[in-house]
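These notes are about the structure you will find just below.
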Amino acid sequence: MVLMVGHLIINTPNISNKADWEMEDWKFIIVGLEYLLQFQKQPMEYVDIMCDAIIQKRGMSFSVPETLAALSDVKKADVDIATLLPQPHSEATLREFFAALEAKLIETNSSSLLPPL
């Protein structure tokens, strides 16, 4: 299976379909998000843009539920996520960004399920 994020293509030869993913598979999505984030000087200013890109599937091959699952898994992971991809942001900065992104995706996703007034 191949995941796409912007110009980054992540080949996952041991995974034939998304149903075969395991706990460590959150790394594919997180690395993809980190790839886009590494170019941002102020990551927290990028939360809304990243959220919109995920929802609209602009340049990304993973869905909102897959992203939320990865963000949930990364919170439980005992790994320095800043070392997954060479980039300028600290683990604390990335974890803060991913927590804000998760909250924004949940808020946006749940509000889109509400019936119109």
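All residue numbers refer to positions in the sequence shown, counting from 1.
One finds the CG atom of L94 at 9.5 Å from the CG atom of L85 (value rounded to the nearest 0.5 Å). For the atom pair OH of Y35 and CD of Q87, the computed distance is 13.0 Å after rounding to the nearest 0.5 Å.
Considering every non-hydrogen atom in both E91 and V79, the closest pair reads OE2-O, 3.2 Å. Looking at every heavy atom in both residues, A70 comes nearest to I30 through O-CD1, 4.2 Å. Across A82 and S90, no two heavy atoms sit closer than the pair CB-C, 3.9 Å. D52 and R58 get closest at one heavy-atom pair: OD2-NH1, 2.6 Å.
E66 places a side-chain N or O within donor-acceptor distance of the main-chain N or O of S63, the cut-off being under 3.5 Å. In this structure, the side chain of H89 engages the main chain of L37 through a donor-acceptor pair within 3.5 Å. Without hydrogens or angle criteria, R95 side chain to V74 main chain gives a donor-acceptor distance under 3.5 Å.
Under the side-chain hydrogen bond (donor to acceptor under 3.5 Å, both in side chains) criterion, Q38 pairs with no residue at all, not counting sequence neighbours.
In this structure, F62 and L33 have side chains that are in contact, with non-hydrogen atoms separated by less than 4.5 Å.
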Working for side-chain contact (heavy atoms from CB on, under 4.5 Å), residues T93 and M44: CA-CA 9 Å; T93 298; M44 295 307 291; over 6 Å; no
Return all side-chain donor-acceptor pairs below 3.5 angstrom for residues 96-106, not counting sequence neighbours, or 'none' if the list is empty.
from : atom 1 : to  : atom 2 : distance (Å)
E102 : OE1    : K75 : NZ     : 2.9
E102 : OE2    : K75 : NZ     : 3.4
K104 : NZ     : D48 : OD1    : 3.4

